Number of protein chains: 2
Amino acid sequence: MSQTVDRALSILPLLAEGPADLGQVADRLGVHKSTALRLLRTLHEHGLVYRQSDQRYRLGARLIALAQEAMENLDIREIAHPHLVRLNEQCGHTVHLAVYEEDEVLYIDKVESRYPVRMYSRIGKPVAITVAAVAKLLLADLPEHERRPLAEKLDYPMYTARSTPNAPAFLRELEKVREQGWATDLGGHEESINCVAAPIRGADGRVVAAMSVSAPNVVVTADELLTLLPLVRRTADGISGEYSGRNTAKGTA
Amino acid sequence: MSQTVDRALSILPLLAEGPADLGQVADRLGVHKSTALRLLRTLHEHGLVYRQSDQRYRLGARLIALAQEAMENLDIREIAHPHLVRLNEQCGHTVHLAVYEEDEVLYIDKVESRYPVRMYSRIGKPVAITVAAVAKLLLADLPEHERRPLAEKLDYPMYTARSTPNAPAFLRELEKVREQGWATDLGGHEESINCVAAPIRGADGRVVAAMSVSAPNVVVTADELLTLLPLVRRTADGISGEYSGRNTAKGTA
DNA sequence: GAGTCCGTTGCAGATCCTGCAACGCTCATT
DNA sequence: AATGAGCGTTGCAGGATCTGCAACGGACTC
């Protein structure tokens, strides 16, 4: 809607790929160098981009700090955290909390496994949306008219042989997940990692977040992990209750 | 430099304080509602702001994802991580990695304590710059003409009775830290928490990052923590060596 | 020491942004 | 049920702001 701002903001994902110099930025934006320079300067003044010693630009520290604040403002995160910690103390595995927003699912909290073998993931990282158990729960709850177009728009990378292969399979899976009220990912993202997940609901019953327990095969088998399902669901329900109970008049997730 | 972009970017820190509606944004920017609307829409298209169900705006998911990518691009982080993990395995305490950038110091990595009592901190969070051990190391290495103005510009909140009280005291502390090549924070941020920190240097000897070990009094006394200093310094030196050794032609921290 | 490459600056033209005013919607009030 | 207030939204005309050009300057190379 606003050309100048639009161009300026387009620089950010571009720099997220790695540092770039003025010429590269100008080229990729399709504007004159002097224009790119002015945009970069403005971004710089706000700390969103940083100029390294070799004069190239990269994303800046304030961007990271802003994102941090953004996450701390999410109320489910705050409410859920102690529950996640308790669950981790009970089962020892990695616990994740994720939300959906505008075609993306991201982890917003995590409690590390207490086993030496840890799964790689990071708070803030977009989730493998077509296979992750938490993603299934969040998408399964979308209204039909959003869910289908989204499913058809997605890519279906075959991380492993068990990854969701395409949109129809995904939609079928979502249907199943919606009915049973929980989800799994059995080696669909990384061959040796399994997850069980449960939804967290707001007062109106809509799914506002999802949580999961993940563990590698070498620690527990998929079957053993599934025995944790009741515990996971109970934890999720506890969070749901607290979240819808004292709803501090803030918006949805 | 660019008015429109400048205004648009000013919205981000504003929303970081919490959700706001159109009128509030327009007021705080000092522009007409229609102008604010167009800016917000542009930010929205890029996913940097999100519109909640109550129509108010807050920071969006893509901002978080961008920040995540920004951190993953930092090469020291990648090099340092395994060293931090090893150190954590050896001593059991919380280990932090921090960098300085444009008047800010922030944590870019963290390995959690294995003791039940954990210190609160978060990756991406700006550090208490006047008291944290890592901040002292990073600022101590700045050239005089940057260090002094910065020190005089800072606020000196008295988190505890041992917090650095003012600029002269801070500059003296930095001088000491620079000479001894390591730093501590003994209850200067939170009464019962102590840290020891060591610098990580690039090939040219400049400090590019700093790492620290933190532990609460209830787990180890300050004196006991200080006995870890040699180990911390050795770890930091190891990272320094690796960082300056195979310098993959990337920029500074 | 000449040449090339890149970032930087000032400027004039025109695009794009701004603020206004009016509209429509929702919600609260009478 | 009707009225009014509050808020977000739209179209428009005037003009401020942004754009691209061309020329400059510094660093590095051959």
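So you know, we letter chains A, B, ... as the sequences are listed, proteins then strands, and number each from 1. Because the structure is a prediction, the values reported are computed rather than measured.
- The CG-C1' distance, from Leu40(B) to dC17(C), rounds to 16 Å in whole Å.
- Note on Thr4(A): every side-chain N or O is 4.0 Å or more away from OP1 and OP2 of dC18(D).
- Nucleotide dT19(D) holds its C1' atom 15 Å from the CD atom of Gln3(B), rounded to whole Å.
- For Arg56(A) and dC5(C), the CZ to P distance is 19 Å, given to the nearest whole Å.
- Between the CZ atom of Arg7(B) and the C1' atom of dT17(D) there is a distance of 10 Å, rounded to whole Å.
- Between Arg172(A) and Glu175(A), no side-chain nitrogen of the basic residue sits less than 4.0 Å from a carboxylate oxygen of the acidic one, so the salt-bridge criterion is not met.
- Of the residues listed (Leu138(A), Leu139(A), Val134(A), Asp103(A)), the one engaging Ile129(A) in a side chain to side chain contact (heavy atoms under 4.5 Å, CB included) is Leu139(A), and it is the only one.
- The two residues Thr164(A) and Val131(A) have their closest heavy-atom pair at N-CG1, 3.7 Å.
- Annotation: the span from Glu69(A) atom CD to Leu15(B) atom CG amounts to 11.0 Å, rounded to 0.5 Å.
- What separates CG of Asp6(A) from P of dC18(D) is a distance of 15 Å, to the nearest Å.
- Between Glu45(A) and Arg41(A) there is no salt bridge, since none of the side-chain N atoms of the basic residue sits less than 4.0 Å from a carboxylate O of the acidic one.
- Rounded to an integer number of Å, the gap from CG of Leu29(B) to P of dC17(C) is 16 Å.
- Across every non-hydrogen atom of Leu14(A) and Ala20(A), the tightest pair is CD2-CB, 4.5 Å.
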Identify each atom pair where a protein N or O and an N or O of nucleotides 6-15 of chain D are less than 3.5 Å apart, giving names and distance.
residue: dG8(D); atom: OP1; partner: Leu22(B); partner atom: N; Å: 3.1
residue: dG8(D); atom: OP2; partner: Gly23(B); partner atom: N; Å: 3.3
residue: dG8(D); atom: N7; partner: Lys33(B); partner atom: NZ; Å: 3.1
residue: dT9(D); atom: OP1; partner: Arg51(B); partner atom: NH1; Å: 3.0
residue: dT10(D); atom: OP2; partner: Arg41(B); partner atom: NH1; Å: 3.3
residue: dT10(D); atom: OP2; partner: Arg41(B); partner atom: NH2; Å: 2.5

